[in-house]
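Input: a single structure, listed below in structure tokens.
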2 protein chains.
Amino acid sequence: MLFAVGEDLHAVATARLRRVDQRYTSGRRVLVEALVEAGRPVTTAELVASRRELPQSTTYRNLAVLEQAGVVRRVLGTDELARFEVAEDLTGHHHHLVCVSCGAVEDFEPPRRVEQTLADAVGRLRTRTGFRAEAHRLDLLGTCGSCAE
Amino acid sequence: MLFAVGEDLHAVATARLRRVDQRYTSGRRVLVEALVEAGRPVTTAELVASRRELPQSTTYRNLAVLEQAGVVRRVLGTDELARFEVAEDLTGHHHHLVCVSCGAVEDFEPPRRVEQTLADAVGRLRTRTGFRAEAHRLDLLGTCGSCAE
DNA sequence: GATTGTAATAGGAACCGTTCTCGTTCTAGG
DNA sequence: CCTAGAACGAGAACGGTTCCTATTACAATC
């Protein structure tokens with residue numbers, strides 16, 4: 001299940017919110033559109049700044065609602081700021097490049113072979129402490145273009 | 001360069017701190033020992049609670065110093081709490097199992113093949129945005145033993 | 001097309017993990 | 001020993017995030 005940016009995305013968002021008894025209001029739609037437009041994980045501050053219709057408190061609340069509904073996902077970088085992106089199954093599985101200098105995060109899709117190896121490892125893992133792996137998270141840490149200059 | 005838990009570790013800590021003009025004081029030593037004893041990434045709250053000789057402010061300050069000196073490393077889970085562990089080159093390269101339910105983090109060492117694939121990918125990466133990868137971070141997300149019960 | 005109950009909104013207060021301040025204590029070097 | 005600079009520790013301050021609550025929008029029913 002993978003959607004291009006368009007109407008489908010909003011239809012899925014509507015459905016997923018309904019599953020948890022929530023509405024896909026115009027404010028939430030604006031939020032999702034801002035995330036899509038960014039094309040990379042963005043901080044709440046960036047979101048609030050990007051659209052006048054996004055007051056801080058509503059943005060935080062709606063990000064929480066959308067996260068719970070599985071429409072957006074929280075992303076961790078190296079700094080303490082929370083970043084959000086549209087959920088992976090709506091935009092395609094990918095990983096992140098994290099700048100250790102400024103904290104910026106951008107998307108990146110690894111070679112299929114890497115992906116396959118990781119998926120296998122996750123599938124096989126069952127530790128003696130009873131941990132059950134369900135997904136993997138791979139980040140490459142380094143220096144982004146603007147920090148390298 | 002890989003050390004068992006023992007005197008060596010403290011010698012290296014001393015040397016690395018000296019490199020950034022810092023001392024390996026008794027308080028800092030207690031901190032490192034608490035981290036070693038934990039054997040997994042722990043929160044500052046856990047550290048402060050674990051030893052009476054670790055007041056909050058000093059713990060935070062010394063974690064920052066030790067991180068800068070390359071003796072400890074900050075680890076991100078899924079919650080907002082900062083967790084710390086002894087730097088990888090002192091304990092061996094490894095990855096983390098992150099419980100999506102309670103946020104707990106434990107160590108885990110992947111099969112050599114996975115590791116090799118990742119190292120290759122990092123080595124090859126150079127995106128058109130100029131990102132330069134230096135390291136990778138692989139976490140397996142799932143449910144820990146006590147949350148699964 | 002009013003009514004009415006429920007959900008969403010938005011401003012600001014509160015919260016809490018973290019960082020800073022500053023007076024005190026320690027320590028290495030002279 | 002003495003002293004200057006480093007480290008310490010208690011508490012204040014900070015800032016990102018969450019919570020509170022009055023207000024507004026919505027959707028279903030009369």
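In the text below, chain A, chain B and the rest are named by the order of the sequence lines, each starting its count at 1.
OP1 or OP2 of D:dA7 lies within a sub-4.0 Å distance of a side-chain N or O belonging to B:Gln22. Under 4.0 angstrom from either OP1 or OP2 of C:dT19 there lies no side-chain N or O belonging to B:Tyr60. The side chain of B:Arg23 places no N or O atom within less than 4.0 Å of a non-bridging phosphate oxygen (OP1 or OP2) of C:dT27.
Side chain of B:Arg16 to main chain of B:Gly70: a donor-acceptor pair is present (N/O by atom type, distance under 3.5 Å, no hydrogens or angles). Here the side chain of A:Glu88 pairs a donor or acceptor atom with the backbone of A:His94 at under 3.5 angstrom. A donor-acceptor pair under 3.5 Å is absent between the side-chain atoms of B:His96 and the main chain of B:Val105, judged by distance alone.
Rounding to whole angstrom units, CG of residue A:Leu17 and P of C:dT6 are separated by 21 Å. In this structure, B:Leu66 places its CG atom 11 Å from P of D:dA7, rounding to the nearest Å. A:Asp79 has its CG atom 12 Å from the P atom of C:dT19, to the nearest Å. The distance from atom CG of A:Leu31 to atom P of C:dA10 is 12 Å, rounded to the nearest whole Å. Here the P atom of nucleotide D:dA25 and the CG atom of A:Asn62 are 16 Å apart, to the nearest Å. Regarding A:Arg83, its CZ atom lies at a distance of 12 Å from the P atom of D:dG16, rounded to whole Å. What separates OH of A:Tyr24 from P of C:dT9 is a distance of 12 Å, to the nearest Å. One atom, CZ of A:Arg18, and another, C1' of C:dA8, lie 16 Å apart when rounded to the nearest Å.
Residue B:Ala82 is classed as a sugar-phosphate contact, given heavy-atom separations below 4.0 Å to backbone atoms only. Nucleic acid contact class of B:Arg61 (heavy atoms, under 4.0 Å, all strands): base. B:Gln56 comes within 4.0 angstrom of a nucleotide base, judged by non-hydrogen atoms across all strands. Residue contacts for A:Thr25: at a heavy-atom cut-off of 4.0 Å it reaches the sugar-phosphate backbone alone, with no base atom in range. Contact annotation for A:Asp21: no contact, since no heavy-atom pair falls under 4.0 Å across all strands.
Heavy-atom neighbours of A:Arg51 CZ from other residues, nucleotides or ligands within 6.0 Å: above the threshold of 12.
Where B:Thr58 and A:Leu81 each meet DNA chain D at their nearest nucleotide, the meeting point lying more 5' is that of B:Thr58. Residue A:Arg28 is the one, among B:Ser26 and A:Arg28, whose nearest nucleotide of DNA chain C lies closer to the 5' end (criterion: closest heavy atom).
The aromatic rings of A:His136 and A:His93 stand perpendicular to each other, their planes meeting at an angle above 60°, with 30° marking the opposite boundary.
Side-chain N/O atoms of B:Ser57 and base N/O atoms of D:dA10 include a donor-acceptor pair closer than 3.5 Å.
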